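Report on the structure given below.
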Amino acid sequence: MSETPGKQQNTAAFYGQAVASFAVAMAATAIGIFKLNADAWVRAFLAIAVLYLVTSAFTLAKVIRDRQEAAERSYHPFEKL
């Protein structure tokens, strides 16, 4: 018996929770940096560091996902596209 692996789909609630969690975390971090009792250049440095961390985390997640998807694919020469 051959089972074709289907692409796993997330629910709308899971997606919404992930987006809301990300938004709350970024807002809390931004407020924390803004309210920090430090010079403006220190706050600016921390803000840039947080943005760099977020973009590199998204890139890492994409690379890991792409690698996993590539490992799951197998070549079927007569499979319909």
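All residue numbers refer to positions in the sequence shown, counting from 1. Source: prediction; values computed, not measured.
Every pair tested for salt bridge (Lys or Arg N to Asp or Glu O under 4.0 Å) that includes a residue from residues 19-37 fails, sequence neighbours excluded, so the list is empty. Pairs of residues two or more places apart, or lying in two chains, never qualify as side chain to side chain donor-acceptor pair (under 3.5 Å) while including a residue from residues 17-33. Listed by first and then second residue, the ring-ring contact (aromatic ring centres under 6.0 Å, His included) pairs involving residues 28-48 amount to none (not counting sequence neighbours). Residues in residues 43-62 take part in these side chain to side chain donor-acceptor pair (under 3.5 Å) pairs, two or more places apart or across chains: Lys62-Asp66.
Checked against side chain to side chain contact (heavy atoms under 4.5 Å, CB included), Asn10 has the following partners two or more places apart in sequence or in another chain: Phe14. For Ala44, the side chain to side chain contact (heavy atoms under 4.5 Å, CB included) criterion is met by no residue, not counting sequence neighbours. When the ring pair (Phe, Tyr, Trp, His ring centres under 6.0 Å) test is applied to Phe22, the partners found at least two apart in sequence or on another chain are Phe58.
Summarising the hydrophobic clusters (Ile, Leu, Val, Met, Phe, Trp, Tyr; side-chain heavy atoms under 4.5 Å, direct or chained), the residues clustered with Ile64 are Leu60. With side-chain heavy atoms closer than 4.5 Å counting as contact, directly or through intermediates, the hydrophobic cluster containing Val19 also holds Tyr15.
Here the CG atom belonging to Leu51 is positioned 5.5 Å from the CE atom belonging to Met26, to the nearest 0.5 angstrom.
Leu46 and Leu53 fall into different hydrophobic clusters, where Ile, Leu, Val, Met, Phe, Trp and Tyr residues are linked whenever their side-chain heavy atoms come under 4.5 Å apart, directly or through other members.
Other residues, nucleotides and ligands contribute only 12 or fewer heavy atoms inside 6.0 Å of the CZ atom of Arg67.
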